[in-house]
Asker: 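After the structure tokens below, expect a handful of questions from me.
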Protein chains: 2
Amino acid sequence: MRIKDIAKLAGVSPATVSRVMNNNGYVKEEKREAVLKVIKDVDYQPNPIAQSLKNQKSQMLGVIVPKISTETASRVVAGVTEVAKAHGYQVLIANTDLDIEEEINYLKFLSNKSVDGIIMMGTEVTDRHLAVMDKLTVPIVILGQRVKGYTSIIHNDYDASFTMTEYLIKQKHRDIAFIGVDEKDEAVGIVRKKAYLDCLKIYNVEVDNQLMAIGDFDIDTGYQMMQKILMHKTPTAVLAVTDHLAIGAIHALLDAGLHVPKDVSVVGIGDIKLAEYLNPPLTTVHYTFKTSGKMAAEAVFELMDNPEKQGDTLMTTFELKKRASVRPL
Amino acid sequence: MRIKDIAKLAGVSPATVSRVMNNNGYVKEEKREAVLKVIKDVDYQPNPIAQSLKNQKSQMLGVIVPKISTETASRVVAGVTEVAKAHGYQVLIANTDLDIEEEINYLKFLSNKSVDGIIMMGTEVTDRHLAVMDKLTVPIVILGQRVKGYTSIIHNDYDASFTMTEYLIKQKHRDIAFIGVDEKDEAVGIVRKKAYLDCLKIYNVEVDNQLMAIGDFDIDTGYQMMQKILMHKTPTAVLAVTDHLAIGAIHALLDAGLHVPKDVSVVGIGDIKLAEYLNPPLTTVHYTFKTSGKMAAEAVFELMDNPEKQGDTLMTTFELKKRASVRPL
DNA sequence: CTGTTAGCGCCTTCAT
DNA sequence: ATGAAGGCGCTAACAG
């Protein structure tokens, strides 16, 4: 069913139908009603692709995620879709599965007018990303990392990690192990580690390199890193840069016959949904990922109207969730 | 940059450029190379919207999910995107947030050629859904529910629930509580309950209605339903129809001073990622949601070529994950 | 107030 | 082997 058919049925021209549908231009009341009636009768819906081609707008937002099947990503997407819907937009998901090439491919693909704005939830932003991003004609917002010259929504990783470390120190912990991730991930790999180190320094707590381990993002890694640290020394507390790593660490401790938190306190960062239902409930930092997604989407719409605002950095809030996995000394 | 520009730069006609890009028709080798060079030099990418309009294909799959920020949904989407990518397709996410009206709206919206196929992960399929679905011109696959006349990918809810109940009975449990959900969700609300009841019957275990509670899908509900059941009687085992409900139940038991599994065994269904890391690790049924997503996507592509195959029902496998939350009596 | 026309960018006859 | 022309469905400019 095309606009032409509606026009014929209503005894008017296609232009009139268009005017009625888009509510612009003048059209005599009776004709308007006739058109409306036909539209309703045949349940006509205009072809969005044709509209896109004509309007040079696709009414779609593209979201590039490293791995959709993670709690973080799906919460972000939930936030994005919510705002998108409010603007009459659809959301296109590009799942890169942590493949940098894919990220760049999607960046290119999405740029050709197939979406009106891009939200990129990257882990690593390389020069090649920047090369592609510089040529983009649609607004882009980076989520999770700060990228110079581009609007970024970042989680306050530094303060979060610092606050957490400080909390442990105030509970009189001094032997605080650290389980981190590779530095390729700027926010998680570098910033959270720096905050930990800075905090130790400020409080005059000696840094023991053997109490630090770096690995991947998964639970198993947390388990292995914890084991590695235990071979050297048993800390009184462990700061893991993600909740999953913390869970792995807790299991390694239990398997080593250590009780949490009686023998060793453990904290994470991220506050996954189940953190409070773990045993013991995990002390962690709550990030508002859905809100980040909303902010990112709002920023994109903002940029669609005011491209010159490009470059802002917005920081989301966080909240320390004190739960039973920490014991004061 | 349009095809016309490329044509001009390469000294050929737009038609020739099109032929080169789509690898059809004859074009002299030297011209082909000239075109290819220009395309590479200017990093030209055709406008997918114009292609869609012309080809009457959008190269996009639509996925309607009840709530993207759930582990199930995101795993399904991961599977769909994987298969879609292999076919050169993009994935459009429609997040309904459990709103039936939205589901129907999206069904309508997606049908106008804005996607070439739809995967609907519904909780409830009403007559109004069917009315819209009947008019669809693009293939649709239902995931998670069986709908007559439509290709459906279903999880083997009956056998899974039956197997789980049987497992408890074989561990000599007789007072087996049941925490279910509303019957509006056919697969989870009705089928899993029926399997539980059938199994009790077959093994001549008496059904105690006070040991059964029905509520929502979240952890808190599991907690409350368990409390309610405990007011009546302390069962030796609890079958919760989802892992989240099981987690809530475990907490209610702990708060009531009961140990799991020493005093009460608890099992769930679904095998969320953290199930094995809970304390105690949760005995549950593992569903392959990502695989379901893949199957659904493959079925859609299949239907695009052979629409007459509409109506198949594919059942995914499941696996009983025996973990420490169950104690034999 | 309404209809005709042109064009968004691409692909596919048709003619050469 | 290649180019010109028309059309996918829609909307905006221009007449009238």
Side-chain angles (χ1 to χ4, degrees), chain A residues 1-36 38-39 42-60 88 90 108-116 137-138, chain B residues 1-36 38-39 42-60 88 90 108-116 137-138:
Chain A
M1 196 55 87
R2 301 154 307 165
I3 200 171
K4 221 202 248 180
D5 303 313
I6 303 301
K8 205 163 287 175
L9 287 172
V12 297
S13 76
T16 300
V17 177
S18 175
R19 281 191 261 267
V20 170
M21 301 212 51
N22 300 297
N23 254 313
N24 64 12
Y26 303 89
V27 37
K28 205 189 286 176
E29 197 47 35
E30 47 183 315
K31 294 212 177 191
R32 153 168 277 114
E33 275 163 23
V35 171
L36 253 19
V38 175
I39 287 175
V42 305
D43 196 21
Y44 168 72
Q45 298 205 231
N47 180 326
I49 292 174
Q51 289 178 313
S52 296
L53 184 59
K54 177 69 196 178
N55 301 332
Q56 302 288 352
K57 287 243 171 198
S58 62
Q59 300 280 108
M60 292 204 296
Q90 302 295 315
K108 281 192 193 173
F109 175 83
L110 295 179
S111 62
N112 344 322
K113 305 291 177 195
S114 53
V115 297
D116 300 340
T137 55
V138 296
Chain B
M1 195 60 85
R2 300 153 307 167
I3 201 172
K4 216 204 253 182
D5 303 314
I6 303 301
K8 203 163 291 175
L9 287 172
V12 297
S13 76
T16 300
V17 177
S18 175
R19 281 191 260 267
V20 171
M21 299 210 56
N22 300 298
N23 254 314
N24 65 8
Y26 303 90
V27 35
K28 204 189 290 176
E29 196 47 33
E30 46 184 313
K31 294 214 177 192
R32 154 168 277 114
E33 275 165 24
V35 170
L36 252 19
V38 174
I39 287 176
V42 306
D43 197 19
Y44 168 71
Q45 299 205 230
N47 181 326
I49 293 175
Q51 289 178 313
S52 298
L53 183 58
K54 177 68 194 178
N55 302 333
Q56 302 290 350
K57 287 242 172 197
S58 63
Q59 301 279 110
M60 291 204 296
Q90 302 295 314
K108 282 192 192 171
F109 175 82
L110 295 179
S111 61
N112 341 322
K113 305 291 177 195
S114 52
V115 297
D116 301 339
T137 55
V138 296

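Below, chain A is the first sequence line, B the second, and so on; all start at residue 1. Side chains included, hydrogens not; waters and symmetry mates left out as well; all remaining heavy atoms used.
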Asker: Could you walk me through whether A/Lys8 and A/Asp5 pass the salt bridge (Lys or Arg N to Asp or Glu O under 4.0 Å) test, one step at a time?
Answerer: CA-CA 5 Å; A/Lys8 205 163 287 175; A/Asp5 303 313; 5.6 Å; no

Asker: Evaluate the side-chain proximity of B/Arg32 to B/Asn23: yes if any heavy-atom separation is below 4.5 Å, no if none is.
Answerer: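 Contact flag for B/Asn23/B/Arg32 side chains = yes.
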
Asker: What integer distance in Å separates B/Asn55:CG from D/dG7:C1'?
Answerer: 13 Å

Asker: Which one, D/dG9, C/dC1, D/dA12, comes nearest to the side chain of A/Tyr26?
Answerer: C/dC1

Asker: Figure out the CD1/C1' separation between A/Ile3 and D/dC10, and round it to whole Å.
Answerer: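 Rounded to whole Å, this separation is 6 Å.
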
Asker: Starting at NZ of B/Lys4 and ending at P of C/dC8, how long is that distance when rounded to a whole Å?
Answerer: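 From B/Lys4 NZ to C/dC8 P: 6 Å.
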
Asker: Atom NZ of A/Lys8 to atom P of C/dT2: distance rounded to whole Å?
Answerer: 19 Å

Asker: Measure CE/B/Met21 against P/C/dT12 and give the value in whole Å, please.
Answerer: 13 Å

Asker: Determine whether B/Ile6 and B/Met21 make a side-chain contact, defined as any pair of heavy atoms from C-beta on separated by less than 4.5 Å.
Answerer: no

Asker: Please compare B/Gly25 and B/Gln56 by the position of their nearest nucleotide in DNA chain D and report the one closer to 5'.
Answerer: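 Result: B/Gly25.
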
Asker: Of the candidate nucleotides C/dT2, C/dT4, C/dC11, which contains the atom at the shortest distance from the side chain of A/Arg19?
Answerer: C/dT2

Asker: Picking from D/dT2, C/dC1, C/dC10, which would you name as closest to the side chain of B/Asn47?
Answerer: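 Minimum distance to the B/Asn47 side chain belongs to C/dC10.
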
Asker: Respond yes when some side-chain nitrogen or oxygen of B/Asn22 is under 4.0 Å from OP1 or OP2 of C/dC11, and no when none is.
Answerer: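 Yes, such a contact exists.
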
Asker: Quick one: is C/dG9 close enough that its OP1 or OP2 comes under 4.0 Å of any side-chain N or O from B/Gln51?
Answerer: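 No, outside the criterion.
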
Asker: Please state how far atom CD1 in A/Ile6 lies from atom P in C/dT2, giving the value in whole angstrom units.
Answerer: 17 Å

Asker: Does a side-chain N or O of B/Lys31 approach OP1 or OP2 of D/dG3 to a distance below 4.0 Å, or not?
Answerer: yes

Asker: Please state how far atom CD in B/Gln59 lies from atom P in C/dC11, giving the value in whole angstrom units.
Answerer: 11 Å

Asker: Could you give the NZ-to-C1' distance, from A/Lys28 to C/dG3, as a whole number of Å?
Answerer: 14 Å

Asker: When you measure from the side chain of A/Asn22 to the backbone N and O of A/Asn24, does any donor-acceptor pair fall under 3.5 Å?
Answerer: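 No, A/Asn22 side chain to A/Asn24 backbone: no donor-acceptor pair under 3.5 Å.
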
Asker: Is the shortest heavy-atom distance from the side chain of B/Ser58 to the side chain of B/Ser114 under 4.5 Å?
Answerer: no

Asker: Is there a donor on the side chain of A/Lys54 or the base of D/dC10 sitting less than 3.5 Å from an acceptor on the other?
Answerer: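 No.
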
Asker: Are any of B/Asn24's side-chain N or O atoms less than 4.0 Å away from OP1 or OP2 of C/dT12?
Answerer: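 For C/dT12, OP1 or OP2 has a side-chain N or O of B/Asn24 closer than 4.0 Å.
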
Asker: Which part of the nucleic acid, if any, lies within contact of A/Thr16, taking any heavy atom under 4.0 Å across all strands shown: a base, the sugar-phosphate backbone alone, or nothing?
Answerer: sugar-phosphate

Asker: With nearest nucleotides of DNA chain D determined for B/Ser13 and A/Leu53 from heavy-atom distances, which residue corresponds to the more 5′ nucleotide?
Answerer: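 On the 5' side of the pair lies B/Ser13.
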
Asker: Under 4.0 Å from OP1 or OP2 of D/dC10: is there any side-chain N or O of A/Tyr44 that close?
Answerer: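 For A/Tyr44, the contact criterion (side-chain N or O under 4.0 Å from OP1 or OP2 of D/dC10) is met.
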
